[in-house]
Amino acid sequence: MSVQKRACGFIIFRRIQDSIEYLLMQTSYGEHHWTPPKGHVDPGESDIETALRETEEEAGFVKNDLKIFENAKVELKYNVNGIPKIVIYWLAELINPDKPVQMSSEHQAYKWLGLQEACSLAGFKDMQSALKQLNEYIDTHLRKT
């Protein structure tokens with residue numbers, strides 16, 4: 001059986017007036033890529049527990065800060081150094097859009113960005129399509145008409 005790495009996190013958005021902004025964090029290691037908060041699943045932890053723990057560790061947001069949309073999730077599959085990895089993101093809204101991000105040492109910067117800026121900063125095609133997919137969910141289900 002091949003060992004598959006598994007990570008989970010949230011694509012967090014906030015509403016500022018009529019616009020939607022996504023949280024991306026710049027890693028302080030490797031190529032300093034931009035990513036939503038996420039991390040590896042610990043033994044005995046459920047995927048959603050991992051996403052919550054990592055979001056608290058990396059961004060300082062706890063469960064009560066977020067409205068989690070469990071039916072809005074994306075799975076990204078890719079290889080890291082030849083090892084298959086799956087990353088699951090759920091959509092989550094920051095309930096208080098003014099709550100400050102509290103970064104851990106894993107990141108050196110963060111930005112709240114509109115969809116286009118988030119996609120260009122994210123760089124990876126699968127991350128861009130995840131953002132677009134969840135943005136579509138927001139447009140369809142969460143925007144007040």
Side-chain angles (χ1 to χ4, degrees), residues 4-80 83-145:
Q4 189 182 52
K5 287 186 176 254
R6 191 178 183 86
C8 299
F10 294 116
I11 291 181
I12 299 172
F13 74 96
R14 67 179 184 180
R15 300 176 208 231
I16 299 289
Q17 284 111 18
D18 287 336
S19 63
I20 298 285
E21 295 181 338
Y22 295 93
L23 176 64
L24 288 182
M25 305 185 78
Q26 187 179 33
T27 60
S28 49
Y29 56 86
E31 295 176 5
H32 303 302
H33 63 285
W34 291 83
T35 170
K38 68 163 190 319
H40 292 112
V41 178
D42 285 345
E45 218 176 26
S46 75
D47 290 347
I48 204 101
E49 284 169 346
T50 299
L52 284 164
R53 175 180 54 78
E54 289 290 339
T55 299
E56 184 173 359
E57 286 172 11
E58 296 182 2
F61 299 146
V62 296
K63 188 176 186 179
N64 291 346
D65 293 326
L66 302 169
K67 180 173 184 187
I68 298 162
F69 300 92
E70 290 195 40
N71 59 341
K73 75 172 187 176
V74 289
E75 292 188 11
L76 308 182
K77 295 181 171 86
Y78 50 92
N79 286 340
V80 177
I83 298 165
K85 180 173 183 175
I86 182 167
V87 183
I88 299 165
Y89 288 108
W90 284 271
L91 184 65
E93 180 173 5
L94 183 61
I95 296 164
N96 171 4
D98 298 325
K99 185 171 171 90
V101 174
Q102 295 169 324
M103 282 192 305
S104 73
S105 59
E106 289 181 52
H107 296 93
Q108 60 186 17
Y110 71 89
K111 289 182 179 176
W112 288 101
L113 300 160
L115 180 64
Q116 295 311 321
E117 295 88 354
C119 284
S120 52
L121 206 54
F124 297 105
K125 287 247 182 299
D126 54 359
M127 188 68 238
Q128 293 170 357
S129 73
L131 284 162
K132 288 175 184 160
Q133 201 177 323
L134 292 175
N135 193 71
E136 214 164 280
Y137 178 91
I138 293 170
D139 283 345
T140 309
H141 300 281
L142 306 177
R143 294 266 198 183
K144 293 178 180 67
T145 47

For the [atom1] atom of [X] and the [atom2] atom of [Y], what is their distance to the nearest 0.5 Å?
X      : Y      : atom1 : atom2 : answer
Leu121 : His33  : CG    : NE2   : 11.0 Å
Leu115 : Ser19  : CG    : OG    : 11.5 Å
Ile138 : Phe69  : CD1   : CZ    : 7.5 Å
Cys119 : Asn135 : SG    : CG    : 8.0 Å
Phe13  : Leu131 : CZ    : CG    : 12.5 Å
Leu91  : Glu70  : CG    : CD    : 11.5 Å

Taking all heavy atoms of [X] and all of [Y], pick out the closest pair and write down the distance.
X     : Y      : value
Leu76 : Asp126 : CD2-O, 3.5 Å
Arg15 : Ile20  : CG-CD1, 3.9 Å
Cys8  : Trp90  : CB-CZ3, 4.1 Å
Pro97 : Ile16  : CB-CD1, 3.9 Å
Tyr22 : Gly114 : CD1-C, 4.5 Å
Glu45 : His40  : OE1-O, 4.3 Å

Check whether [X] reaches the backbone of [Y] with its side chain - one donor and one acceptor, N or O, closer than 3.5 Å.
X     : Y      : result
Thr55 : Leu52  : no
Gln26 : His32  : yes
Ser28 : Gln108 : no

Side chain to side chain contact (heavy atoms under 4.5 Å, CB included), paired with Ile11, selected from Met127, Gln133, Lys38: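 Of the listed options, the one satisfying the test is Met127.
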
Should the pair Arg53-Glu49 be classified as a salt bridge under the 4.0 Å nitrogen-to-oxygen rule?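 Salt bridge flag = no for Glu49 with Arg53.
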
Is the closest basic N to carboxylate O distance between Arg14 and Glu21 below 4.0 Å?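 So Arg14 pairs with Glu21 through a salt bridge.
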
Salt bridge (charged side-chain N to carboxylate O under 4.0 Å, His left out) partners of Glu75, counting only residues at least two apart: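 For Glu75, the residues satisfying salt bridge (charged side-chain N to carboxylate O under 4.0 Å, His left out) (neighbours in sequence not counted) are Lys73, Lys77.
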
Tell me whether the count of non-hydrogen atoms from other residues, nucleotides or ligands lying under 6.0 Å of [atom1] in [X] goes above 12.
X     : atom1 : result
Tyr78 : OH    : yes
Asp18 : CG    : no
Lys85 : NZ    : yes

Apply the test side-chain contact (heavy atoms from CB on, under 4.5 Å) to residues Glu54 and Phe10: give CA-CA distance (whole Å), side-chain angles for both, the deciding distance (0.1 Å), then the verdict. CA-CA 9 Å; Glu54 289 290 339; Phe10 294 116; over 6 Å; no

Could you check whether any side-chain heavy atom of [X] comes within less than 4.5 Å of a side-chain heavy atom of [Y], counting everything from C-beta outward?
X      : Y      : answer
Thr50  : Asp42  : no
Ile86  : Lys5   : no
Val87  : Val74  : no
Thr35  : Leu24  : no
Trp112 : Val101 : yes
Asp65  : Ile95  : no
Met25  : Pro37  : yes
Ile12  : Leu66  : yes

Walk me through whether Met103 and Tyr110 qualify under side-chain contact (heavy atoms from CB on, under 4.5 Å). CA-CA 8 Å; Met103 282 192 305; Tyr110 71 89; 3.9 Å; yes

Parallel, tilted or perpendicular: rings of Tyr137 and His141 (30°, 60°):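 Tilted: the ring planes of His141 and Tyr137 meet at 30° to 60°.
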
